[in-house]
K.L.:
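Let me begin by handing over the structure; questions about it come next.
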Amino acid sequence: MALTVKWDSGILIESGGERIIFDPRRHGRDCSHIFVTHAHLDHSRGLRFHDVEKSSTRETGEIASRYSRLTRWRPLSYGERVEVGGLEVEAHNAGHVLGSALYEVSTSDGRLLYTGDMQFRDTLTMKAAEPVDCDILVIEATFGSPFFKFPERGEIARDMVEWAFKTMRDGKIPTFRTDSLGNAQEIVKAFNMLTNLPVVVHRRIAEINQIYEDHGISLEFLISGSEEAKEVEASGECVFIIPKNLRVGDPRFKVALASGWSLLYGRRRGDSFPLSDHADFNQLIEFIEACKPKVVLTCFGGRFNRILAQQVEKRMSIEARPLDLIPTVFIRG
Ligand SMILES: [Zn+2]
């Protein structure tokens, strides 16, 4: 028998006649179970497909169910195993956002680990991803080029705080535009820990903050539009956090982007900070080393899939390629 892995609008795994798919982007794939790694929309569409069994962590389900009701869904905890035919699937912490999971798949043909999006450093709100020994490692390549080297996180937080105070001295309200899930909670926590400034967040971010709080991660914030938020806004002594796709026309606010992609843009598109909930290139390499795989398959990185695979082959002498090129068949022995 063999363990086959291929890209089919998601990561499709086949072994002993059983087919399961991870993070599918399209409906209608022939499989018996969907596993979703985390609640970011580019990974969690499968939770909306009503005609198939699904699993994710409870936290991921809670965040995703703000938009649609979950059916035929089984919540998982880290360390819990699900049996699907002859396949055994176990969730581990991925360190990316609340509830994010790596999935380990054990079969009689070998062991596979799929990372989804991951982070390999402790952050203010998450613990670093947990490496797992495996035969095949399917790893995200979002920042899979050596170009992407994030500064130390404490340094980024201090830069953001410094920028916020300077912006207030200039008579403007400092405002961070960022991912509503992951980065937004990190910024709230950083300002809670490093300053006494009130933090005002957009309603969509507040909903997610509440789920973080429900799971034991304390965050102090005000909700934009509330009476308290209006008071601190009038005083000018506060920080705002808004979703990254929102544009602000009000000249009282000065906006900065917080995103790993700001390393690419530099300051050409205005003030920005390279805060990310992903592993950078060196962290990806460290994580691969820690998992000791025989084969590495890269995904979710666009053109960086190929670059990361080339770097893994060159630096580590491990067979590596982008997952979407051809199916990979692994035969034990
Ligand atoms: Zn993500």
Side-chain angles (χ1 to χ4, degrees), residues 7 9-11 21-25 34-48 54-67 76 78 91-103 113-130 137-145 148 150 153 176-189 204-205 207-209 211-212 215 217 241 243-245 257-264 273-281 283-284 287 297-302 304-305 308 323:
W7 178 259
S9 297
I11 289 91
I21 191 161
F22 293 86
D23 292 348
R25 290 176 159 185
I34 287 173
F35 290 86
V36 166
T37 56
H38 67 287
H40 280 147
L41 286 176
D42 53 341
H43 289 259
S44 64
R45 280 186 205 130
L47 288 175
R48 301 179 188 182
K54 297 170 282 293
S55 291
S56 73
T57 61
R58 180 172 298 283
E59 295 88 334
T60 294
E62 285 176 19
I63 298 167
S65 64
R66 291 174 308 126
Y67 298 114
L76 290 175
Y78 297 139
H92 301 267
N93 171 37
H96 175 57
V97 297
L98 183 70
S100 61
L102 317 167
Y103 286 111
L113 184 73
Y114 165 53
T115 64
D117 289 344
M118 55 157 287
Q119 156 101 284
F120 200 33
R121 293 284 182 276
D122 287 350
T123 70
L124 299 177
T125 53
M126 294 292 120
K127 286 272 172 229
E130 180 189 337
L137 175 61
V138 183
I139 190 165
E140 65 128 332
T142 308
F143 293 110
S145 158
F148 293 110
F150 297 138
R153 296 182 73 82
F176 295 99
R177 200 159 61 78
T178 197
D179 260 339
S180 299
L181 167 61
N183 266 2
Q185 291 72 36
E186 275 289 296
I187 300 172
V188 174
K189 194 74 176 173
R204 287 214 301 270
I205 294 172
E207 288 170 6
I208 298 172
N209 286 1
I211 300 173
Y212 271 63
H215 290 276
I217 298 165
I241 305 175
K244 67 180 172 197
N245 54 355
L257 174 71
S259 162
W261 296 112
S262 69
L263 283 185
L264 267 190
F273 299 91
L275 182 74
S276 178
D277 43 22
H278 286 264
D280 68 3
F281 177 78
Q283 287 183 43
L284 290 170
F287 186 80
L297 303 170
T298 54
C299 59
F300 282 100
F304 300 123
N305 288 343
L308 180 60
L323 173 63

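Counting convention: from 1, in listed order, for ligands and their atoms alike. Keep in mind that what you see is a predicted model, and the values were worked out from it rather than measured. The figures that follow rest on heavy atoms only: side chains count, while hydrogens, waters and symmetry mates do not.
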K.L.:
Could you go through T125 and Q185, starting from their C-alpha distance and side-chain angles, then the distance that decides it, and tell me whether this counts as side-chain hydrogen bond (donor to acceptor under 3.5 Å, both in side chains)?
P.N.:
CA-CA 7 Å; T125 53; Q185 291 72 36; over 6 Å; no

K.L.:
Does the ring centre of H278 sit less than 6.0 Å away from the ring centre of F148?
P.N.:
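Centroid separation for F148 and H278: 6.0 Å or greater.
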
K.L.:
Could you go step by step and tell me if F143 and F150 meet the ring pair (Phe, Tyr, Trp, His ring centres under 6.0 Å) rule?
P.N.:
CA-CA 10 Å; F143 293 110; F150 297 138; 5.1 Å; yes

K.L.:
How about the Zn ion (ligand 1), which protein N, O or S atoms come within less than 2.8 Å?
P.N.:
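Metal shell, protein only: H38 NE2, H40 ND1, H96 NE2, D117 OD2.
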
K.L.:
Apply salt bridge (charged side-chain N to carboxylate O under 4.0 Å, His left out) to R45 and list each qualifying residue two or more places apart in sequence or on a separate chain.
P.N.:
none

K.L.:
Not counting sequence neighbours, which residues clear side chain to side chain donor-acceptor pair (under 3.5 Å) with Q119? List them please.
P.N.:
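Q119 satisfies side chain to side chain donor-acceptor pair (under 3.5 Å) with no residue once adjacent residues are dropped.
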
K.L.:
Under the side chain to side chain donor-acceptor pair (under 3.5 Å) rule, collect the residues that match up with Y103, sequence neighbours excluded.
P.N.:
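With neighbours one apart ignored, the set is empty.
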
